[in-house]
Q: 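Handing you a structure now.
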Amino acid sequence: ESAGGSASDQGLSTILFPVVNRKDVQILLAQYLPSFANEQTVYPLPKKSLQRYLFRKLLPAVVICIPLIIVYLQWGLLSIVLLPIGYYWGYLAFKNAGWVINDNRLQLSFRVISKTTVLIQRNKIQSMKSKTSYFQRRNGLQTISVTIKSGVLGKSFVVKDLDERDADSIVGWYSYS
């Protein structure tokens, strides 16, 4: 995504390297965008957020499996294959999520289907918010949402279930105080 836009953009976005081998990303960034080019270790999510990631990805599989088993019994039992797929998907989403701050740049990593890494300059962020649900509060977790101006509206990037201290440090970094 590129930060900035106008009414005539029609919500179009720019993706720099849509399909690039992971080892080649730093080389390409150094060549075309040197200000984004130093790689740092991403801070991972705390282990206590793993169960929430697994639950979110297993729930749709369970919702699909139960009616299929009830209606089609023997053929419906084949849908149980969705459970390990959902488990693995949740585990990958947990392992790929993280963040790092480097001077005036925030890097967020997350997975919906494929892994996405977003590099955002501090002055390009339109808004940042952290929110906590009841269940997150019980586990000391928060969700961070960062919005940049992209096209007419904006584009938001979300990392769920960060440790409270990590989320507070990200919001503190952005607050310019």
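Since this is a predicted model, take the numbers as computed values, not measurements. Heavy atoms only: backbone and side chains are in, while hydrogens, waters and symmetry mates are out.
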Q: For residues 163-172, pull every pair meeting salt bridge (Lys or Arg N to Asp or Glu O under 4.0 Å), keeping only residues two or more places apart or in separate chains.
A: Lys48-Asp163, Asp163-Arg165
Q: Going by the rule side-chain hydrogen bond (donor to acceptor under 3.5 Å, both in side chains), which residues pair with Ser156 if we only count those two or more places apart in sequence or in a different chain?
A: Thr147
Q: Pairing donors with acceptors under 3.5 angstrom, does anything connect the side chains of Thr117 and Gln107?
A: no
Q: Let me confirm one number: the CG-CZ distance from Asn102 to Arg122, rounded to the nearest 0.5 Å.
A: 12.5 Å
Q: Can you measure from CZ (Phe157) to CD1 (Ile125) and round to the nearest 0.5 angstrom?
A: 10.5 Å
Q: How long is the gap from CG on Leu106 to CD1 on Ile148, to the nearest 0.5 Å?
A: 11.0 Å
Q: Is any side-chain heavy atom of Ser49 closer than 4.5 Å to one of Leu141?
A: yes
Q: Could you pull out all residues at least two apart from Trp99 that satisfy ring pair (Phe, Tyr, Trp, His ring centres under 6.0 Å)?
A: Tyr43
Q: Hey, is the main chain of Val112 close enough, under 3.5 Å, to the side chain of Trp89 for a donor-acceptor pair?
A: yes
Q: Just to verify, what does Arg111 make a salt bridge (Lys or Arg N to Asp or Glu O under 4.0 Å) with, not counting sequence neighbours?
A: none
Q: When rounded to the nearest 0.5 angstrom, what distance separates CG in Leu78 from SG in Cys65?
A: 10.0 Å
Q: Quick check for you: to the nearest 0.5 Å, what is the distance between Leu92 atom CG and Lys115 atom NZ?
A: 10.5 Å
Q: Are Val71 and Leu73 co-members of a hydrophobic cluster defined by side-chain heavy atoms under 4.5 Å apart?
A: no
Q: Tell me the side chain to side chain donor-acceptor pair (under 3.5 Å) pairs involving residues 53-79, sequence neighbours left out?
A: Arg56-Asp161
Q: Could you give me the CA-CA distance, side-chain angles and deciding distance for Thr41 and Val100, then say whether side-chain contact (heavy atoms from CB on, under 4.5 Å) is met?
A: CA-CA 7 Å; Thr41 304; Val100 66; over 6 Å; no
Q: Tyr87 side chain to Phe55 main-chain N or O, any donor-acceptor pair under 3.5 Å?
A: no
Q: With sequence neighbours excluded, give me every salt bridge (Lys or Arg N to Asp or Glu O under 4.0 Å) pair touching residues 126-147.
A: none
Q: Take Asn96 and Ser109 through the test side-chain contact (heavy atoms from CB on, under 4.5 Å) and record every step on the way to the result.
A: CA-CA 6 Å; Asn96 292 151; Ser109 297; 5.8 Å; no
Q: With the side chain counted from C-beta on, respond yes when Leu54 and Phe94 share a heavy-atom pair under 4.5 Å apart, and no when they do not.
A: no
Q: Say whether Leu82 and Tyr88 are linked into one hydrophobic cluster, either directly or through other cluster members, by side-chain heavy-atom distances under 4.5 angstrom.
A: no
Q: Side-chain heavy atoms under 4.5 angstrom apart, residues restricted to Ile, Leu, Val, Met, Phe, Trp, Tyr: same cluster for Val146 and Val158?
A: no
Q: Kindly indicate, with the supporting measurements, whether the criterion side-chain contact (heavy atoms from CB on, under 4.5 Å) is fulfilled by Ile80 and Ile69.
A: CA-CA 9 Å; Ile80 291 177; Ile69 291 171; 4.0 Å; yes
Q: Is the closest side-chain heavy-atom distance between Leu45 and Lys160 below 4.5 Å?
A: no
Q: Would you mind reporting whether Thr143 and Gln136 have side-chain heavy atoms less than 4.5 Å apart?
A: yes
Q: Is the closest side-chain heavy-atom distance between Val171 and Ile144 below 4.5 Å?
A: yes
Q: Is Met128 reachable from Phe110 through a run of hydrophobic residues whose side-chain heavy atoms are each under 4.5 Å from the next?
A: yes
Q: Flag the pair Arg52 / Ser133 as yes when at least one side-chain heavy-atom distance between them is below 4.5 Å, and no otherwise.
A: yes
Q: Under 4.5 Å between side-chain heavy atoms, counting indirect links through other Ile/Leu/Val/Met/Phe/Trp/Tyr residues: same cluster for Ile101 and Ile120 or not?
A: yes
Q: With rounding to the nearest 0.5 Å, note down the distance linking OG in Ser145 to CG in Leu108.
A: 9.5 Å
Q: Mind running side-chain contact (heavy atoms from CB on, under 4.5 Å) on Arg105 and Leu119 for me, showing each step along the way?
A: CA-CA 7 Å; Arg105 186 181 68 226; Leu119 303 169; 4.1 Å; yes
